[in-house]
Student: 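Can you read through this structure? Questions will come right after.
Not measured: the values here are computed from a predicted model. The figures that follow rest on heavy atoms only: side chains count, while hydrogens, waters and symmetry mates do not.
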Amino acid sequence: GAGVSQSPSNKVTEKGKDVELRCDPISGHTALYWYRQSLGQGLEFLIYFQGNSAPDKSGLPSDRFSAERTGGSVSTLTIQRTQQEDSAVYLCASSLFGQGTDTQYFGPGTRLTVL
Amino acid sequence: AQKITQTQPGMFVQEKEAVTLDCTYDTSDPSYGLFWYKQPSSGEMIFLIYQGSYDQQNATEGRYSLNFQKARKSANLVISASQLGDSAMYFCAMEVGLTGANSKLTFGKGITLSVRP
C-alpha cells in the first residue's frame with residue numbers, strides 16, 4: 001500500500017513568512033509524528049499525535065511552531081514568522097498504535113530553506 | 001532522559017564483507033525498543049530492524065542482525081554480505097515505554113557507511 005507522503009518536497013521562503021507543511025500518513029495508522037533533521041542538531045522530535053488524545057508537543061522549539069491533525073489522518077505543521085535557523089528537513093512518520101513493535105514509517109520529508 | 005550514542009567516524013567496508021555499526025544507549029526505563037534506520041542520499045528513512053528490551057533473542061531481518069547486549073547497553077547493527085546499495089547513513093534510535101504504547105524516537109547522530117566495490 002501507499003507509504004507516508006509529504007508535501008511539498010521542497011519549500012523556499014523568505015524570513016518572516018509563514019509556511020505550512022503537509023503529511024498524509026499510512027492509511028489506518030493512528031499515530032503520527034513530526035521530526036526535524038538539520039546538520040547542527042541531527043534528528044529532533046517535534047510533536048506526536050495519537051488518536052483523539054492531546055498531542056505531545058514537548059519537542060516544539062518555540063511558539064512559532066504548531067501542528068494539527070484533522071480527522072485523525074492528515075497533519076499540517078505550521079511555522080510562523082520563519083527564521084533562518086528553521087531551515088531543515090521536516091520528516092513525518094506514522095505508526096499503528098498498539099500493534100507489535102510500534103515501528104514508525106517515515107515519509108520522504110520536506111526540505112525547508114529560509115532565505 | 002534518553003540518549004543514543006553513535007561515535008564511529010565514517011565506516012568503509014569491502015563489498016560482500018560484513019560490517020558492524022555501533023550503538024550504545026542510556027535510559028532508566030526497563031521497557032524500551034531499539035531501532036535501526038537507513039537513510040540513503042535520497043533522504044528517505046528506511047526501517048531496518050527492531051529489538052525490544054525484553055526480547056530474549058537478537059533480532060534478525062535478512063542480512064541485518066542486531067547484536068543486543070543489555071548489560072552493556074549496546075545494540076550494534078551487523079550487516080552481512082555488504083552490497084553497494086548499503087552505502088548510506090545509518091541511525092540508531094530508541095523508544096521508551098511498553099510496546100504498543102507508542103512514543104517519540106530519540107536518535108543518535110548517525111554513521112556514514114561506504115561500501116567499496
Student: Measure centre to centre between the rings of A:Phe45 and B:Phe107, then say whether the value is under 6.0 Å.
Tutor: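 No, too far apart.
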Student: Checking heavy atoms, do the side chain of A:Ile47, its backbone, both or neither come under 4.5 Å from chain B?
Tutor: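 A:Ile47 has no heavy atom closer than 4.5 Å to chain B.
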Student: Are any side-chain N or O atoms of A:Tyr35 and backbone N or O atoms of B:Leu105, one a donor and one an acceptor, separated by less than 3.5 Å?
Tutor: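 It does hold such a pair.
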Student: Do the side chains of A:Tyr48 and A:Leu21 join up, straight or via other hydrophobic residues, at under 4.5 Å, putting them in one cluster?
Tutor: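 Hydrophobic grouping puts A:Tyr48 apart from A:Leu21.
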Student: What is the distance from atom CG of A:Leu43 to atom CZ of B:Phe91, rounded to the nearest 0.5 Å?
Tutor: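 One finds 5.0 Å between CG of A:Leu43 and CZ of B:Phe91.
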Student: Less than 6.0 angstrom separating the ring centers of B:Tyr37 and A:Phe106, yes or no?
Tutor: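 When the ring centroids of B:Tyr37 and A:Phe106 are compared, they turn out to be within the sub-6.0 Å range.
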Student: Quick check on the hydrophobic clustering: are A:Leu46 and A:Phe49 connected, directly or via other members, by side-chain heavy-atom contacts under 4.5 Å?
Tutor: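 Linked within one cluster.
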Student: Between B:Met94 and B:Phe68, is there shared hydrophobic-cluster membership here, with clusters defined by ILVMFWY side-chain heavy atoms closer than 4.5 Å?
Tutor: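 Both belong to a single hydrophobic cluster.
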Student: Assess whether side chain to side chain contact (heavy atoms under 4.5 Å, CB included) is satisfied between B:Gln39 and A:Gln37, documenting all intermediate values.
Tutor: CA-CA 12 Å; B:Gln39 188 176 44; A:Gln37 185 174 25; 2.9 Å; yes
Student: A side-chain contact here means heavy atoms from C-beta on lying under 4.5 Å apart; do A:Pro108 and B:Met45 qualify?
Tutor: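 When only atoms from C-beta onward are counted, B:Met45 and A:Pro108 do not touch, as no gap falls below 4.5 Å.
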Student: Should we say atom NZ of B:Lys70 is surrounded by more than 12 heavy atoms from elsewhere, each under 6.0 Å from it?
Tutor: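 Counting other residues, nucleotides and ligands, NZ of B:Lys70 exceeds 12 neighbours.
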Student: Honestly curious: do B:Leu48 and B:Val13 fall in one hydrophobic cluster under the side-chain, below-4.5 Å linking rule?
Tutor: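 Linked within one cluster.
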Student: Same cluster for A:Val89 and A:Leu77 if Ile/Leu/Val/Met/Phe/Trp/Tyr side chains link at under 4.5 Å?
Tutor: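 Shared cluster, no.
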Student: Is A:Gln104 reaching over with its side chain to a backbone N or O of B:Ser103, donor-acceptor style, under 3.5 angstrom?
Tutor: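 Side chain of A:Gln104 to backbone of B:Ser103: a pair is present.
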